[in-house]
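What follows is a short report on a single structure.
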2 protein chains.
Amino acid sequence: MFEPVTIKDIAKALGLSTSTVSRALRDTHEISAATKKIVLAYAKEINYQPNPIALSLKERRSKSIGVVVSEVANSFFSQAINGIESIAYDRGYHVIISQTHESYDREVINVQHLASRSVDGLLVSLSSQTTDISHLTSLHERGLPIVFFDRVADEIDTHKVIANNEKGAFEATDHLIKSGYKRIAHLTSSSYLSISIERLSGYEAALKANGLSVNQNYIKHCLHGGMLYEETENSIKELMALPEKPDAIFVAGDRLSTGCLSVLKNLNMSIPVAGFSNSDVLDLFNPSLTSVRQPAFEIGQLATQMLLQLIEAKYPIEEFEKKILETELCVRS
Amino acid sequence: MFEPVTIKDIAKALGLSTSTVSRALRDTHEISAATKKIVLAYAKEINYQPNPIALSLKERRSKSIGVVVSEVANSFFSQAINGIESIAYDRGYHVIISQTHESYDREVINVQHLASRSVDGLLVSLSSQTTDISHLTSLHERGLPIVFFDRVADEIDTHKVIANNEKGAFEATDHLIKSGYKRIAHLTSSSYLSISIERLSGYEAALKANGLSVNQNYIKHCLHGGMLYEETENSIKELMALPEKPDAIFVAGDRLSTGCLSVLKNLNMSIPVAGFSNSDVLDLFNPSLTSVRQPAFEIGQLATQMLLQLIEAKYPIEEFEKKILETELCVRS
DNA sequence: CTGAAAGCGCTAACAA
DNA sequence: TTGTTAGCGCTTTCAG
């Protein structure tokens, strides 16, 4: 049906061998200028495009990287993807995006699929369900470069790029306290996630730094991270049914933050909320959301640079680093 | 570095030929049950994964489809992508997403890149800059299946899936008029886009149906479709500087709608806005946005089904259809 | 400077 | 029932 031009067609048309054509196209020095010119001209004329599949098979690399995120429809991830693309594109790499929708099974399938498609490396942000990461370790041990961003797995020794979640959480919680609130609840995602742990830790540190104690009843985990309205709603209802109701909420995730605001609005409740979010329409919100903004684009860029460094390294790299980028607190009231 | 297991490894280990192994794995009837069992067991043991690149080269298809959208960070597109994935995934196809960022040059490069990567078909939503579609016609003529969604090109005879933009625009405009507004401005994107044309037409029809005349000064095109704050701001400033200021605005796009609200908020202006948007946090907005919501997920699904139908067709398909899905008006005030 | 041939992983005639 | 061989498009020794 769809018949692209091959190097063979050029060779036949020009009465040359395929190898000569190949060399001419790749501008090898061992080809006469005359032949080169003819080949290049003809290739251009018939709009020859090399077949990257054949190339991949031959060179055992695909010049593509796989990205594993939970949802594209999430400001943080879509911005990170833009960062990833901006670098990958410049360096001649393709980006293949796959979504886990926070499902562990889906993550395993996607990772395997990407690996079998011979991506040269993987940029991974774990799903909220993931506790077992053997699908990644096995690939990593066999030499597939992997860089984690945002939701990382400390068990795997490789580059990681994250936001300063602990500090961001600290600042947001501290801001609420400094604004006069004393009973600060914490709404967060699955407790497995590195980001949950880090943000929880920042929240607790802020309480302690201000002489407040940590009340476990004030901490609610939503395993679906805001994807399920009912789950978020239940958590908030439980919080608001406590004898000592919280007087402010610090939320640990993007979808969860907006979900929280929706629930509060629908329940006709008014309570200040601060939370992690990279949405670009927060200024339009009412009730407003004091937000912790992550440098999503930069995280994507940095992670990609590190991955390409691993991919293109001549010798296996043994030293890995965890880059931590600062967040930004946007106070709204 | 990263050495996957091949059919050859299995053959060698088991003392069989590669073809026997190949046949056993594909469960051909001409292989003894015993051999099959051995091969399958061993393949499982060493976690054999067929190399899809080799398969692609052989079968001249990649079991993947390319998607061309302007921005992933756009509710409509991210929802559409979810719809696309849901179908593609079930049918064993990979989805490769590429973003044009509304740039024509980028669109050409992406399309060519996808084509050269041997995608089996293309799902395209044109960039707002695109007027010349020869990069698509040439591929289409050479037999590459293409399905347009949302922003379509009528010049190419193929399947198309769109929302009922004209009716959606009519309803939104009509709603504003029925709410008592008489001087309704229209903020829209590039005039090349099919969606702009359709929505403009619905807007004009609503005015006429209500005995109002179309005032060209009330119609503003933003070539960057809301991506450039200044552009949106200028358009709105021009509108509000008119001797007869509009008393309501109908906006034709997602980013443009939120951009419009931001500008109005920042300029401290209050004027009712209705517009196309698929954001899922509109309920939190203040000022509110009466929205025209497109069935983005379904559009993605349908487009993918149609594309797979073209891809898997035994005989070339000559009859094409344009599916039009209904929008939903969500009144907010 | 150019050509012939092998090989990347896999499948499918064709033989045996 | 299984093995041999060729070929998908390309690069790269190795010969000429």
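Treat the numbers as computed from the prediction; the structure is a model and nothing was measured. Below, read A as the first sequence line, B as the second, and so on, with proteins coming before strands; counting in each chain starts at 1.
Atom CG in A/Leu25 sits roughly 8 Å away from atom P in D/dT11 (whole-Å rounding). Look at NZ on A/Lys36: it is 9 Å from P on C/dC1, rounded to the nearest Å. Between the P atom of C/dT2 and the CG atom of A/Leu14 lies a distance of 12 Å, rounded to the nearest Å. A straight line from NE2 of A/His29 to P of C/dT2 spans 13 Å, rounded to a whole angstrom. Counting to the nearest Å, the P atom of C/dT2 and the CG atom of A/Asp27 are 13 Å from each other. Rounded to whole angstrom, the span from the CG atom of A/Leu16 across to the P atom of D/dT11 amounts to 15 Å. For the pair B/Gln49 CD and C/dC10 C1', the interatomic distance rounds to 15 Å; values are reported in whole Å. If you take CD1 of B/Ile7 and C1' of D/dG3, they are 14 Å apart, rounded to a whole angstrom.
Considering only side-chain atoms of A/Arg23, the nucleotide from C/dA13, D/dG9, C/dG3 that sits closest is C/dG3. Listed candidates were D/dG3, C/dC10, C/dT2. Nearest to the side chain of A/Ser32 is C/dT2. Across D/dT12, C/dT11, C/dT2, the shortest atom-to-atom separation from the side chain of B/Thr18 is found for C/dT11. The side chain of A/Pro50 lies closest to D/dC10, out of D/dC10, C/dT2, C/dT11. Taking the side chain of A/Arg26 as heavy atoms from C-beta on, and the options D/dT4, D/dC8, D/dT12, the nearest nucleotide is D/dT12. Considering only side-chain atoms of B/Tyr48, the nucleotide from D/dT4, C/dC10, C/dC1 that sits closest is C/dC10. Taking every side-chain heavy atom of B/Thr6 into account, C/dC10 is the closest of C/dC10, C/dT2, C/dA12.
Mapped onto DNA chain C by nearest heavy atom, B/Leu57 and A/Val21 fall at different nucleotides, with A/Val21 at the one closer to the 5' end. Place B/Ala54 and A/Glu30 on DNA chain D by their nearest nucleotides, and B/Ala54 ends up nearer the 5' end. Mapping A/Lys58 and B/Glu59 onto DNA chain D by nearest heavy atom places B/Glu59 at the nucleotide closer to the 5' end.
Between the side chains of B/Glu107 and B/Thr130, at least one donor N or O sits under 3.5 Å from an acceptor N or O. Between B/Asn110 and B/Gln99, the side chains place no donor N or O within less than 3.5 Å of an acceptor N or O (distance only, hydrogens not considered).
In this structure the side chain of A/Tyr93 reaches within 4.5 angstrom of the side chain of A/Asp120, judged on heavy atoms. Looking at heavy atoms from C-beta onward, B/Leu122 lies in side-chain contact with B/Leu144 at the 4.5 angstrom threshold.
Between A/Ser19 and D/dT12 there is no side-chain N or O to OP1 or OP2 distance below 4.0 Å. Contact annotation: B/Arg60 side-chain N/O to D/dG7 OP1/OP2 distance is not under 4.0 Å. At the phosphate of C/dT2, neither OP1 nor OP2 sits under 4.0 Å from any side-chain N or O atom of A/Ser17. In this structure, B/Lys8 does not reach the C/dG7 phosphate: none of its side-chain N or O atoms is under 4.0 Å from OP1 or OP2. Under 4.0 angstrom from either OP1 or OP2 of C/dT2 there lies at least one side-chain N or O belonging to A/Thr35.
Using a 4.0 Å heavy-atom distance criterion, A/Leu55 is classed as a sugar-phosphate-only contact.
Ring centers of A/Tyr89 and B/His113: at least 6.0 Å apart, outside the cut-off. Ring centers of A/Phe148 and A/His140: at least 6.0 Å apart, outside the cut-off.
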